[in-house]
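Some notes on the structure that comes next.
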Amino acid sequence: MAASVSLFGYWASPFTLRIKWALKLKGIQYEYIEEDLPNKSPLLLQYNPVHKKIPVLVHEGKPLAESLVIMEYIDEVWKESPLLPQDPYGRAKARFWSNFADDKCVPSVMRTFVAEGEDKEKAAEEAREHLKTLESGLEGKQLFGGEKINFVDVAVGWIGIWARIVEKIADVNLIDAKTMPLLDAWFAKFLELPTIKECVPPWDKLLEHNRGFRNILTYAAT
Amino acid sequence: MGEQVKLFKTWSSAFGLRIVWALKLKGIQYESIDEDLTNKSPLILQYNPVYKKIPVLVYNGRPIVESLIILEYIDETWKQNPLLPEDPHKRATARFWAKFGDDKVMSSLWQILTEQGKEREEALVQATENLKFLEEELKGKRFFGGEKIGFLDIALGWLANLVPVLEEILGFEVIDKAGFPFLSEWMLEFSSVPAIKENLPLHDKMVAKFRAYLAAAPDK
């Protein structure tokens, strides 16, 4: 009997998207449970009492939270199509860039998203700096994994969609094709891959959702 | 044989200490370079251009940064005395709690120290909640790693060093025996392991350092 895999997620969550990508790339069958975030299920709260967030992966009845932790778990249990490289130094670099994206790129893009006026410009400048740094992680390659996608591509590639949504809604420049040509090309290449593209929610829906999300965030701040 | 291992750290950094512990537990020879953070050496800026921080581990001429990442690198490169367990779910659990320690526990404890009045009380409530999760995770075990110390013990080991410092400055207990029987016991056990005991910054020196830092901090 196949061991059961369940993923608790939210359709518009990029952290859920990471896990969907990882599961799909490895050909893992799973049950998907869409959570209504304002109304989290008792099961989710039981499976992730510490953070009460999605995504949560449940495998053989045991839950795991934190998307990068989940990705490493998936990579260790299902050994086909490895996401992390074999050598320790390559693995350290992959972990470094994935964490850098979460620690620096994501918050700075978020700050740009909710800021207004001069603050917005300052936030955008900081976000662009971090994105430029991220570009250096590519080391001139087309994908972080070189010829094939790897852990970093899967962990970070979603920023290519979200940054463009922020650009559109907040009317700001983040992924600057002139100053970050490699990064721009990487996002384009990664997001066009069929396996990757298939999992991404429709652009219009994401745009509408994030417009609403921004209204909530900016209203809450006043 | 063997390329030299170099560790750039400071005498007091909890993050650098993690790496010392891991290297000692695995019996790895290394050269230790203590940095003056007010005057960072060009090597740090060269080895860690993104964050410009310590610790930095250099092996085979290549730098590895970010302490939890360094721990994983050490565990994968030197296979004696494994730090992470074999089982993937247990590994994921250790990583989860290590991240929790860094993201939530550390900042909530720090806030108790730096806040005053009502904000301090709120910080204490939050910190206690966070510590309760760790207490629960530890329950029934001698160490987070089981019978021997492992990745998570090393990742959370800063508690054993810093909480007594914090408590002395605050004048009250944060991890008390009644509320945290397991965590209290673990802090003592962990500190008694020879590799750890021989590599703990002196309590009084740490108290003085934190007091100086708080005194210098601008009033809110």
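Since we're looking at a predicted model, the values are computed, not measured. Hydrogens, waters and symmetry mates play no part in the numbers below; they use all other heavy atoms, side chains included. Chain identifiers are assigned alphabetically (A, B, ...) following the order of the sequence lines, protein sequences preceding nucleic acid strands; residue numbering begins at 1 within each chain.
- Summarising the geometry of T77(B) relative to P88(A), their closest heavy-atom pair is OG1-CB, 3.5 Å, with the distance given to 0.1 Å.
- Surrounding OH of Y10(A) are more than 12 heavy atoms belonging to other residues, nucleotides or ligands, all under 6.0 Å away.
- Surrounding NZ of K40(B) are more than 12 heavy atoms belonging to other residues, nucleotides or ligands, all under 6.0 Å away.
- No more than 12 heavy atoms of other residues, nucleotides or ligands shown are found within 6.0 angstrom of CD on E147(A).
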From CA spacing to verdict: side chain to side chain contact (heavy atoms under 4.5 Å, CB included), E72(A), R91(B): CA-CA 9 Å; E72(A) 291 227 29; R91(B) 293 162 74 87; over 6 Å; no

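- Side-chain contact check for F96(A) versus Y51(B): some heavy-atom pair is nearer than 4.5 Å.
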With side chain to side chain contact (heavy atoms under 4.5 Å, CB included) as the criterion, how do F100(B) and E66(A) come out once you've worked through the C-alpha distance, each side chain's angles and the decisive distance to 0.1 Å? CA-CA 10 Å; F100(B) 176 75; E66(A) 292 300 288; over 6 Å; no

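- Between V50(B) and T133(A) the shortest heavy-atom distance is CG2-CG2, 3.8 Å.
- R91(A) and E72(B) are not joined by a salt bridge, as no carboxylate oxygen comes within less than 4.0 angstrom of a charged side-chain nitrogen.
- Once rounded to the nearest 0.5 Å, the distance linking CZ of R95(B) with OH of Y73(A) reads 12.0 Å.
- Q142(A) CD: 12 or fewer foreign heavy atoms inside a 6.0 Å radius.
- Shown here is Q80(B), whose CD atom has more than 12 heavy atoms of other residues, nucleotides or ligands within 6.0 Å.
- Heavy atoms only, all atoms of each residue included: A92(B) and V69(A) are closest at O-CG1, 3.3 Å.
- Q86(A) CD to E76(B) CD: the interatomic distance, rounded to the nearest 0.5 Å, is 9.5 Å.
- Atom OH of Y213(B) has 12 or fewer neighbouring heavy atoms from other residues, nucleotides or ligands inside a 6.0 Å radius.
- The aromatic ring centres of H51(A) and F96(B) sit less than 6.0 Å apart.
- In this structure, the side chains of H59(A) and H89(B) stay at 4.5 Å or more apart for every pair of heavy atoms.
- No more than 12 heavy-atom neighbours from other residues, nucleotides or ligands sit within 6.0 angstrom of NZ on K148(A).
- If you measure heavy-atom distances from W78(B) to chain A, you find no contacts under 4.5 Å at all.
- Taking each heavy atom of V77(A) and P88(B) in turn, the nearest pair found is CG2-CB, 3.7 Å.
- The 12-atom threshold is not exceeded at NZ of K90(B), counting heavy atoms of other residues, nucleotides or ligands nearer than 6.0 Å.
- For a residue to count as touching a neighbouring chain, one of its non-hydrogen atoms must lie under 4.5 Å from one of that chain's; by this rule D75(A) does not touch chain B.
- Within the 4.5 angstrom heavy-atom criterion, no atom of K93(A) approaches chain B.
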